[in-house]
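Every number for a ligand or one of its atoms is a count from 1 in the order of the listing. Because the structure is a prediction, the values reported are computed rather than measured.
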Amino acid sequence: MAILKVAVLGNPILRVPAEPVKNIQAPEIQRLIDDMIETMREYRGVGLAAPQVHRSLQIAVVEAEENPGAAGGSSRPLTVLINPRILPVTERMEEDWEGCLSVPDLRGRVSRYGEIEVQAQDRRGRPLNLRAGDFFARVIQHEHDHLIGTLFLDRMKSFDTLTYPAEYARYWARPEDEG
Ligand code: NI
């Protein structure tokens, strides 16, 4: 296992649509998935896509709560998505804050579908179909965007909320965001 270097804004690999993965069981693909998981955890990300670690392949790892801060908490299932497709199951859009390991120190408000269906393969190549809502759905849409060369900045309706961390804490953080 290894912690991989993260490509940041301006690196052309972040803007190239990623290739489908054909030989999911190949040792180099399995090693890449393990390294992506380790890299995501090292940098305390809730998701990571292969183009962010300089590999233009349709692989994303997600480890995000469905409803952060909800009463009783919720688990953080590790989900590996290979060759994912996203189908919105609602027209309801929700706007909330996002950041990105490839866009360091900036966050902004982005609209996403509130509930989605995901059709993908798991790390063994088996079909993986799941429904996701709320924050989990947001993270999956963010990571899927990385696989088509799109960044959260592209999804912002306006840059009025584009914010550095200190200003976020000073002007934007709501009490329920804390802790
Ligand atoms: Ni990102």
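- For CD of Glu28, the number of neighbouring non-hydrogen atoms (other residues, nucleotides, ligands) closer than 6.0 Å is greater than 12.
- Under the 3.5 Å distance criterion, the side-chain polar atoms of Arg155 are left unmatched by any main-chain donor or acceptor of His142.
- Pairs of residues two or more places apart, or lying in two chains, that qualify as salt bridge (charged side-chain N to carboxylate O under 4.0 Å, His left out) and include a residue from residues 114-128 are Asp34-Arg123, Glu115-Arg131, Asp122-Arg126.
- Judged purely by atom type and a 3.5 angstrom limit, Arg112 has no side-chain atom pairing as donor or acceptor with the backbone of Glu94.
- Under 2.8 Å from the Ni ion (ligand 1), one finds the following protein N/O/S atoms: Cys100 SG, His142 NE2, His146 NE2.
- For Arg92, the CZ atom counts as densely surrounded, since its 6.0 Å shell holds more than 12 non-hydrogen atoms of other residues, nucleotides or ligands.
- Remark: the backbone N or O of Trp97 is not paired with any side-chain donor or acceptor of Arg107 at under 3.5 angstrom.
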